[in-house]
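Bear in mind the structure is a predicted one, so any value in this text is a computation, not a measurement. Keep in mind that the numbers below use all heavy atoms, side chains included, and drop hydrogens, waters and symmetry copies.
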Amino acid sequence: MGYGKIDELAINTIRCLAVDATFQANSGHPGAPMGMAPVAHVLWNKFMTFNPKNPDWLNRDRFVLSNGHGCMLQYALLHLFGYNVPMEALKTFRQVDSITPGHPESHDTEGIEVTTGPLGQGFSNAVGLAIAQAHTAGVFNKPGYELINNHTFMFFGDGCAMEGIASEAASLAGHLQLGNLIAIYDDNHISIDGDTKVSFTEDVTARFESYGWHTQWVKDGDSDLDGIEAAIKKAKEVTDKPSMIKLTTTIGFGSKLQGTGGVHGNPLKADDCKQVKEKFGFDPEKMFVVPQEVYDAYGKHAAEGAAAEEEWNKLFEKYAGEHKEAASELKRRHSRKLPDGWQTKLPVYKPSDAAVASRKLSESVLEAIHEAVPELLSGSADLTGSNNTRWKSAVDFQPPSLGIGDWTGRYLRYGVREHGMAGIMNGMSAYGTIIPAGGTFLNFVSYAAGSVRLSSLSHQRVIYIATHDSIGLGEDGPTHQPVETLAHFRALPNMMVWRPADGNETSAAYYMALTSHDTPSILALTRQNLPQLEGSTIENGIKGGYTVLEDKEASITLVSTGSEVSICLEAVKTLKEKDVKARVVSMPCTEVFDAQPKDYKMQVIPDGIPALSVEVMSTLGWEKYSHEQFGLNRFGASGPYKDVYKASQILAIMRLNADIFPEIRVHARGHRKARPCYD
């Protein structure tokens, strides 16, 4: 296979860059890059097809570093192959405003496909990338035109293998027979606590075989470049299974501390840095050295990638001549632009329309728009009938060999794998041709919180369809009834949390979720029926908050969301009988409302009269919009939902009277100017 001195020099250059960057930062993980430099060299220089001059080329191979703490390996590769990661970026590793943060972040660094670091997340992202590739190829490849045929390559370590999310994603990948996915397992037997024999002694290969993966073992990952190449080549030949290559390596190869936990998460000492460089033939007194021969060797492969893209562009032009509509559609999807006029398909409701649960209203949206937005793929974590996430004509995304769907299918059966589903959807979104939506109960979005957080951090357009949103789900009881969940996710930066009160607000939530390219959304939806509101429109809903019932003589503003808006409207009638006039504000999305102009927000929640928030959840966060808060400070109960509402005393809002208002007005005077909503 022909490996020689230049290969050894390139590998040791990667190792020394990792040593220097972590030493200069006095922070980081040099061990994994030093141990995985050989396989990274073989993979990137022999197998992967990419063009550093156009990192967004659609048919590039994708690389995911699930063990993201080893990111100096990836940063070094990006620099050496000619991505926009200059040497200065390596020298400012882990520094504020650097493009080389402590773990890979896709929106910071050119060439980083997905944001990884929390272990196992990258594994699930890689499965999502592979699903997206298989679907895109299924839709757009035509006889004689294999436009989309890229692979997803992923490195993962012992920590990733221990995380539950990786197991969830690996299990689904095996079921889906994703032959375009190749995972390389860094079997170095070390985690932060030391040797993995203290906590992790399972047979990882046997586990992956049971999932339906093709497996191999390269026993000398430190120096057997031929063995590494042969294993990757064999994995690419297996097209009906994902592949896992177990690669036994020595963490921190070359260090005095190699093979120990001491080199996992700590920079090498100065004397160790020097002896490593001497061992590898580098000047021990110099830092950040890259021999020109290494630049030249990697530059040659980068040029081959640019040529491959040029050939692909020619193929695409020919494809467009024969399949004009498909070519136009693929270009549109890759540009992330939605189809013209798609929003006209959103359902619109009148107050006279029937009361409907917002989970069913969500289903109506999907039914109405799925043809107009063909890049929208839906799914559920084994709750399809409860989440109402599948339109009537949907075809399942399944391997054709199973006879229950095909690669063009737009409905994913994630199984009972909420966390895996969320991480997979992040990868699907990152591929660039798909908008993923996935359903579970709102309470179990908490199972997926790690991936949901990364949806926000990595600016992925992912839609979480979260049904059974409150104690209103009834009989399943407090184990399933969310109380703190919305406060948690509302606190998450760059996340839209929608809790629509009726059909128009549900359509508004989907409009914003689909048009917000860089922000994920959680749609909290009811099990119980909700009336269609007077004053509700899609145009009002997309502002995040609006006045649903106005009274210029009101002595109180009731601010509410979801199922409690209609309760507040009923309360207005009761209050009127007691000579109390009230106005009602629906606040389906606080994050979007916060972004509105100050004048508009002051119209919706005016100064001078007290505001009371009403939501059958924790009241945490509502002090920003109201002077007093009315909600839950306990878990729910099991029973018919109307009885649970009564037991929660949320219906006490209907018994308000003027006697409580002086106290609220005191708070209004005390906090009026400090409300951060108006800052």
Looking at [X], I want to see if its [atom1] is surrounded by more than 12 non-hydrogen atoms of other residues, nucleotides or ligands under 6.0 Å.
| X | atom1 | answer |
| --- | --- | --- |
| Lys345 | NZ | no |
| Tyr319 | OH | yes |
| Glu371 | CD | no |
| Lys318 | NZ | no |

Report task. Please report the closest heavy-atom contact between Ala170 and Trp213, naming both atoms and the distance. Result -> O-NE1, 2.9 Å
Report summary line: Between Thr13 and Pro291 the two heavy atoms that sit nearest each other are OG1-CD, 3.6 Å
May I ask you to decide whether [X] forms a salt bridge with [Y], counting only side-chain N to carboxylate O separations under 4.0 Å?
| X | Y | value |
| --- | --- | --- |
| Asp396 | Arg410 | no |
| Asp340 | Arg332 | no |
| Arg390 | Glu363 | no |
| Lys5 | Glu8 | no |
| Glu329 | Lys324 | no |

Going by the angle between their ring planes, with limits at 30° and 60°, are [X] and [Y] parallel, tilted or perpendicular?
| X | Y | answer |
| --- | --- | --- |
| Tyr185 | Phe156 | parallel |
| Phe153 | His151 | parallel |
| Phe397 | Trp407 | tilted |
| Phe63 | Trp44 | perpendicular |

Measure from the ring center of [X] to the ring center of [Y] and say whether it is less than 6.0 Å.
| X | Y | result |
| --- | --- | --- |
| Tyr298 | His41 | yes |
| Tyr295 | His79 | yes |
| Trp391 | Tyr411 | no |
| Tyr511 | Trp342 | yes |

Query raised in the report: Within a strict 4.5 Å, meaning less than it, do heavy atoms of the Phe155 and Leu73 side chains meet?
Result: yes
Requested in this report: Find out whether Ile369 and Leu376 are in side-chain contact, i.e. whether some heavy atom of one side chain is under 4.5 Å from a heavy atom of the other.
Outcome: yes
Query - CZ-CD distance between Phe50 and Glu304, expressed to the nearest 0.5 angstrom - result: 9.5 Å
Query raised in the report: Under the side chain to side chain donor-acceptor pair (under 3.5 Å) test, which residues partner Tyr75, sequence neighbours left out?
Result: none
Query raised in the report: side-chain contact (heavy atoms from CB on, under 4.5 Å) with Asn59: which residues, sequence neighbours excluded?
Result: Trp57, Ile148, Asn149, Asn150, Trp312
Report summary line: Across all chains, not counting sequence neighbours, the side-chain contact (heavy atoms from CB on, under 4.5 Å) partners of His107 are Glu105, Thr115, Leu457, His459
Query raised in the report: Side chain of Ser243, backbone of Ile182: donor and acceptor closer than 3.5 Å?
Result: no
Query raised in the report: Short question: side chain of Glu375, backbone of Ile434 - any donor-acceptor pair under 3.5 Å?
Result: no
Requested in this report: Verify whether one side chain among Thr215 and Glu209 offers a donor that lies under 3.5 Å from an acceptor in the other.
Outcome: yes
